[in-house]
Amino acid sequence: MTDNTGHPANSYYTATANRLPAQPRLLGEERADVCIVGAGYTGLGAALAFAEKGLSVIMLEAAEIGSGASGRNGGQVHSGQRRDQDYLEKLVGLDGAKALWRMAEDAKAHLKGLISRHRIACDYKQGILIADHKPNYVAMSHAYAEKLRTVYGYDKVEAIGKAELDAVLGASGYYGGFVDHDGGHLHPLNLALGLGAAALDAGVRIFERSRAVSYRAEDSKAVIRTAQGSVSADWLILAGDGYLSGLDAHTEARVMPINNFILATEPFSDNEARALIANDYAVADSRFVVNYYRLSADRRLLFGGGENYRSGFPSDMKAFVRKRMLKVFPQLENKRIDYAWGGTLGITTTRLPFVRRLAPNVLTASGYSGQGVMLAPYFGKILADVTAATLGEFDRLAALPTPPFPGGRLLRWPTLVAGMSYYALRDRL
């Protein structure tokens with residue numbers, strides 16, 4: 001349904017990528033201990049973990065390493081799960097919510113460890129600001145920040161009012177919020193390519209332009225087929241997220257692909273950049289259809305916003321995103337837009353990840369709903385741990401409710417559009 005041909009030519013990330021040599025297509029029959037479908041964050045995180053356990057790994061990638069959501073997203077590293085702790089407490093109780101918070105903190109540490117250990121040049125920077133676009137949201141944000149400090153022991157968060165916000169953010173329409181000093185932002189494609197390089201160095205075999213078209217799992221073996229070959233493996237990991245179209249109906253009924261869009265402006269001077277985001281933090285606002293933005297390493301504004309829920313991208317992505325950007329930064333009316341691109345992510349009805357054992361030797365993790373930069377590499381490790389009978393975190397995630405979209409795969413589009421239209425209207429009121 002979406003662009004799955006490789007790295008988009010009109011992406012800032014593609015233009016500044018630390019590119020890897022092209023990997024071969026799968027031709028003929030191959031054998032490995034593990035076959036992973038999808039060379040994004042989940043698959044690469046799993047591949048590294050499996051390789052560290054001494055298992056042979058083959059990855060099948062429909063396009064190129066990191067060319068899906070992992071190489072196109074906003075590059076923001078948020079703390080916690082995709083849903084806040086208040087929601088999780090109602091869902092799984094305080095102890096369960098605390099365990100999910102600790103898991104997310106472990107995922108953040110794991111991400112930073114991967115970047116450090118493999119010397120991945122991905123422009124990682126500390127700090128993220130959550131900005132409230134309605135005055136009555138501020139008290140709730142401040143109460144939530146205090147809860148993270150007192151109940152969850154997270155002392156890296158700081159509530160801020162409008163005056164403090166205006167001092168660091170040159171944007172319109174915000175009234176307060178909170179800062180997470182241990183969140184951050186990075187170049188997402190270079191993160192994926194760095195993980196890919198580490199996986200190749202560890203002996204993982206990656207086949208590009210090799211879309212998995214079907215699989216069967218029987219007894220202790222799985223066989224995965226592409227148009228020109230097949231892989232026989234003891235374990236199969238489905239890590240394609242929103243790009244698994246046609247491969248597994250059970251997953252597709254619960255994980256739906258939607259499209260999101262980002263632009264990159266011309267470079268700014270240091271003074272111009274600081275007038276936009278003085279502390280060089282990433283920013284995400286409180287809208288249901290969120291606006292998110294940050295400064296690149298060469299001082300461009302990277303602004304993401306707007307979604308569609310149909311096949312294909314808007315014909316003019318620059319205009320599509322620019323309209324949203326100017327509502328937040330009207331002072332950029334005369335600034336040039338150099339890049340604009342789209343990507344596809346997987347969402348679930350609850351916005352909680354879909355982590356399941358689909359068969360005794362078939363595992364999947366997907367549906368990160370916008371939280372994949374931090375969670376996905378760690379969730380790949382969790383899938384690898386299952387092979388060593390380390391099931392605690394996997395079982396906790398597998399118990400989270402991610403029911404199918406109403407009507408399953410065929411009717412999920414109209415029901416989602418109706419629901420998202422309601423929330424988009426609520427954002428504007």
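Each residue takes its place number in the sequence, starting with 1.
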For [X] and [Y], which I'm curious about, is there any donor-acceptor pair between the side chains at under 3.5 Å?
{"X": "His181", "Y": "Gln126", "result": "no"}
{"X": "Tyr339", "Y": "Ser11", "result": "no"}
{"X": "Tyr292", "Y": "Asn260", "result": "yes"}
{"X": "Asn190", "Y": "Tyr13", "result": "no"}
{"X": "His250", "Y": "Glu252", "result": "no"}
{"X": "His133", "Y": "Arg287", "result": "no"}
{"X": "Asp298", "Y": "Tyr12", "result": "yes"}
{"X": "Ser286", "Y": "Lys134", "result": "no"}
{"X": "Arg356", "Y": "Thr402", "result": "yes"}
{"X": "Tyr175", "Y": "Asn136", "result": "no"}

*Salt bridge check: are Asp338 and Arg336 linked by an N-O gap of less than 4.0 Å?*
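Answer for the salt bridge query: yes.
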
*Would you give the length of the straight line joining atom CG of Leu193 to atom CZ of Arg19, rounded to the nearest 0.5 angstrom?*
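The CG atom of Leu193 sits 7.0 Å away from the CZ atom of Arg19.
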
*Donor-acceptor pair, Gln81 side chain versus Arg83 backbone, under 3.5 Å?*
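Side chain of Gln81 to backbone of Arg83: no pair is present.
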
*Is there a donor-acceptor contact under 3.5 Å from the side chain of Thr150 to the main chain of Glu146?*
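Looks like yes, one N/O pair under 3.5 Å.
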
*Describe, in one word, how the ring planes of Phe261 and Phe320 are oriented to each other, choosing from parallel (under 30°), tilted (30 to 60°) and perpendicular (over 60°).*
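Phe261 vs Phe320 ring planes: perpendicular.
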
*For Arg294 and Tyr281, run side chain to side chain contact (heavy atoms under 4.5 Å, CB included): C-alpha distance rounded to whole Å, both residues' side-chain angles, the deciding distance at 0.1 Å, then the answer.*
CA-CA 7 Å; Arg294 63 191 183 90; Tyr281 279 12; over 6 Å; no

*Between Thr350 and Leu400, does a side chain to side chain contact (heavy atoms under 4.5 Å, CB included) hold up when you go through it step by step?*
CA-CA 9 Å; Thr350 59; Leu400 293 176; over 6 Å; no

*Counting heavy atoms not belonging to Arg274, are there more than 12 under 6.0 Å from its CZ?*
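Not buried by this count: 12 neighbours or fewer within 6.0 Å.
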
Return all side-chain donor-acceptor pairs below 3.5 angstrom for residues 92-104, not counting sequence neighbours, or 'none' if the list is empty.
none

